Amino acid sequence: MKVIPLPQTEAQQAKKRASLHRATVFYSVAVVVCAVAAILLALGLFVAVIVFEFKDSLKSNLLYILVGSFAGGAWVTALAAFGLNVLGRKHRDAELDFCERCDGQESFYVGEGTLVTFEREGVRIHGERGGREVAVPYKEMRFFSVCTRKKPKESGEWSVVLEIPARYLARGGKAEKGEKPALVQADFKPRLFETLARHNLALLGERPAGYAAENAENAAETAKPAQKSPQKSKFTLLKKFDLPDRAKRKLAVMSLVAGGVLLVGGVLLAVFWQIVVGTLLAAIGFMLSGRAAVNFLGAKGTLGVYEEGLFWRDTNRVDSVFLKWEEIQKLTIEPNNGFALFRAECAYGAYHFPAVGGAEEFLRAKYPEKFGAKQAE
C-alpha cells in the first residue's frame, strides 16, 4: 500500500483529504461508466450479429466495421472497468491510511467513521468527527490476527480483531449477564503491528508471512519483509455436500422459460416482420435465459471438507468462508428453526453452517477430536 506523506498543518491535511476523496469518487464513477458502456456495446454486438445472420441483403463493409467496433469496444471498456476498480481500491486504502494518520500515528479505523486510538493504558474508541468516546484498558482486551478466506486457498484478507468486554460498548455501561465480548476489526498493516509491539500487547492467532513473532516484544523486528515459506497452491478436497435451494431453482426455471420464449419469438419477428423490434426482444430473451441458467446451476449451498479446513458457500455464491482446521477449536450441532447447524467455534468468534445431509457423519468419523471425542490410538 502506498503511504502518502502527512502535511504538518491541519489546514493542509484537510485540503489533502478533500483531494484524495475527490479522486476516490472519480474512480467509482469511472468504473460504473465503463461497466455500463461494456454492457451496451455487448448488446450492440449481439444485435449486429443477429442482423448478419438473418438479413443477407444488409451485409456490407459498414456492418463488418460495426461488429468489430462493438466487440473491441466491449473488451476495452470491460478491461478498463476492471483496471480502474483495482486502482480505485488501492487508492481508497491509501486514503483511509492517510485519514487514520491525520487523527494520530496510532489510530486505526474499526468501522465507518469510527477510530480506535492506542494510548498509554488502553484504547480509546471515538468517532471521526467527535461524539461519544469509549476508553477500554488493555488488561481487559485480547487481540487476534485473522485471515478471512473466501475460497479454499492460502490467500485471504488479513485483519486484527479487537475483543472488548460488552459493557464498554453497551449504552449506560451495562451489559446483560453472560453477554459475549464485542469484536471490532481493523486492517492488518505494519503500522498496527508495530503499535501492538510498542505497547507490549500479545497478538494471538495466525500470522502473515513476515510477521511470525512469538510475542509482541520482538514484533517490530519480524515486521520487516521476509521471504515467504512455501505454501500449497491448491487445497485438497476430501468430500463435498450440496444443499439445493428449491425456491431459487423454481424461480430460475420460470425465468428460463420466459427468456426462451422471448428469444425464439424475437428471432421469428426479426426474420419475418420487423428486424429492430425482433432483435431487441431476442437480445433480452438471450440475456434472461443465460442469467436464469446460471442462477439454476448456482442455486445451492456447498459445504466442502478439505484436508486443510472447512468451506461453506451460500446459494448466492457471494457469502462464503473457509476456516483452517487450526482455527476451529470445536464443532457442535445446534438446532435453529427446525434445521441443524454446525457451530464452528474459533478463538475470536463462531461461524454457523447448515448441517447438510451426510456431512455430520463424515466429519465425526474424519475429525472426532473437533467434536470433543478422543481419537483411537
Side-chain angles (χ1 to χ4, degrees), residues 1-35 77-119 123-131 143-151 154-162 183-199 201 203 206-211 219-228:
M1 180 185 66
K2 180 182 177 182
V3 178
I4 302 171
L6 194 66
Q8 294 185 354
T9 66
E10 291 187 5
Q12 290 174 329
Q13 291 176 8
K15 185 176 180 180
K16 184 65 176 177
R17 289 180 66 166
S19 174
L20 292 171
H21 185 67
R22 285 195 297 271
T24 297
V25 173
F26 166 78
Y27 278 115
S28 301
V29 172
V31 168
V32 173
V33 169
C34 289
T77 50
L79 290 174
F82 176 79
L84 287 169
N85 184 55
V86 172
L87 292 174
R89 291 180 62 182
K90 290 182 178 179
H91 175 82
R92 178 60 175 166
D93 290 341
E95 179 194 358
L96 292 176
D97 183 73
F98 179 84
C99 294
E100 289 175 344
R101 289 183 290 115
C102 286
D103 186 76
Q105 191 62 27
E106 295 189 340
S107 289
F108 306 90
Y109 280 110
V110 290
E112 187 70 31
T114 303
L115 292 153
V116 59
T117 301
F118 288 76
E119 298 179 338
V123 300
R124 178 171 54 90
I125 303 173
H126 58 97
E128 188 175 15
R129 302 179 184 277
F143 302 86
F144 297 92
S145 171
V146 177
C147 182
T148 303
R149 296 178 172 89
K150 296 292 186 182
K151 296 180 180 180
E154 193 67 44
S155 60
E157 293 186 7
W158 289 92
S159 62
V160 172
V161 173
L162 288 66
L183 302 174
V184 296
Q185 180 177 298
D187 290 339
F188 197 112
K189 57 184 66 176
R191 184 165 57 86
L192 176 53
F193 197 75
E194 293 162 5
T195 296
L196 293 169
R198 279 193 293 271
H199 292 278
L201 299 170
L203 182 60
E206 185 183 3
R207 307 288 180 84
Y211 297 85
E221 288 298 319
T222 57
K224 297 176 182 178
Q227 291 184 344
K228 292 184 178 180

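Since the structure is predicted, the reported quantities are computational estimates derived from the model, not experimental observations.
To the nearest 0.5 Å, atoms CZ (Phe188) and OG (Ser159) are separated by 9.0 Å. Summarising the geometry, atom CD belonging to Glu194 is positioned 12.0 Å from atom NZ belonging to Lys189; distances are rounded to the nearest 0.5 Å. If you take SG on Cys99 and CD on Gln13, they are separated by 10.0 Å, rounding to the nearest 0.5 Å. In this structure, CG in Asp103 is found 12.0 Å from CZ in Arg101, a value given to the nearest 0.5 Å. For the atom pair Asp187 CG and Asp97 CG, the distance stands at 9.0 Å (nearest 0.5 Å).
For Ala35 against Ala81, the heavy-atom pair with the smallest separation is N-CB, 4.0 Å. Here the closest heavy-atom approach between residue Phe108 and residue Leu192 is recorded as CZ-CA, 3.5 Å. Minimum interatomic distance between Leu162 and Val160 (heavy atoms only, all atoms of both residues): CD1-O, 3.7 Å. Closest approach of Leu115 and Glu128 over heavy atoms only: CD1-CA, 4.2 Å. Between Gly88 and Tyr27, the shortest heavy-atom distance links the atoms CA-CG, 3.7 Å. Residues Ser145 and Leu203 come closest through the heavy atom pair N-CD1, 3.6 Å.
Under the 4.0 Å criterion applied to side-chain N and carboxylate O atoms, Glu100 and Arg191 are assigned as salt-bridge partners.
Inter-residue side-chain proximity for Leu20 and Ile4 is flagged as met; some heavy-atom pair is nearer than 4.5 Å. For the pair Cys102 and Arg17, the minimum side-chain heavy-atom distance is below 4.5 Å. Side-chain contact between Arg198 and Glu106 is present, with at least one heavy-atom pair separated by less than 4.5 Å. Residues His21 and Glu95 form a side-chain contact, since some pair of their non-hydrogen atoms from C-beta on lies under 4.5 Å apart. Within the 4.5 Å cutoff, the side chain of Val29 has heavy atoms near those of the Val33 side chain.
Arg149 is linked by a salt bridge (Lys or Arg N to Asp or Glu O under 4.0 Å) to Glu154, Glu206, Glu327, counting only residues two or more places apart in sequence or in another chain. With sequence neighbours excluded, the residues that form a salt bridge (Lys or Arg N to Asp or Glu O under 4.0 Å) with Arg124 are Glu119, Glu133.
The local environment of CD in Gln12 is crowded, with over 12 non-hydrogen atoms from other residues, nucleotides or ligands closer than 6.0 Å.
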Worked check of side chain to side chain contact (heavy atoms under 4.5 Å, CB included) between Arg207 and Phe193: CA-CA 11 Å; Arg207 307 288 180 84; Phe193 197 75; 3.8 Å; yes
Side chain to side chain contact (heavy atoms under 4.5 Å, CB included) between Leu196 and Phe143, worked out: CA-CA 9 Å; Leu196 293 169; Phe143 302 86; 3.9 Å; yes
Working for side chain to side chain contact (heavy atoms under 4.5 Å, CB included), residues Phe98 and Leu6: CA-CA 7 Å; Phe98 179 84; Leu6 194 66; 3.7 Å; yes
Test side chain to side chain contact (heavy atoms under 4.5 Å, CB included) applied to Ser107 and Val116, step by step: CA-CA 6 Å; Ser107 289; Val116 59; over 6 Å; no
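For residues 4-13, no pair satisfies salt bridge (charged side-chain N to carboxylate O under 4.0 Å, His left out), with sequence neighbours left out.
In the model, His126 has a side-chain atom that pairs as donor or acceptor with a side-chain atom of Thr117 under 3.5 Å.
The side chain to side chain contact (heavy atoms under 4.5 Å, CB included) test with Arg89 singles out one residue from Asn85, Leu87, Val86, and that residue is Asn85.
In terms of modelled atom types and a separation under 3.5 Å, the side chain of Ser19 and the main chain of Lys15 share no donor-acceptor contact.
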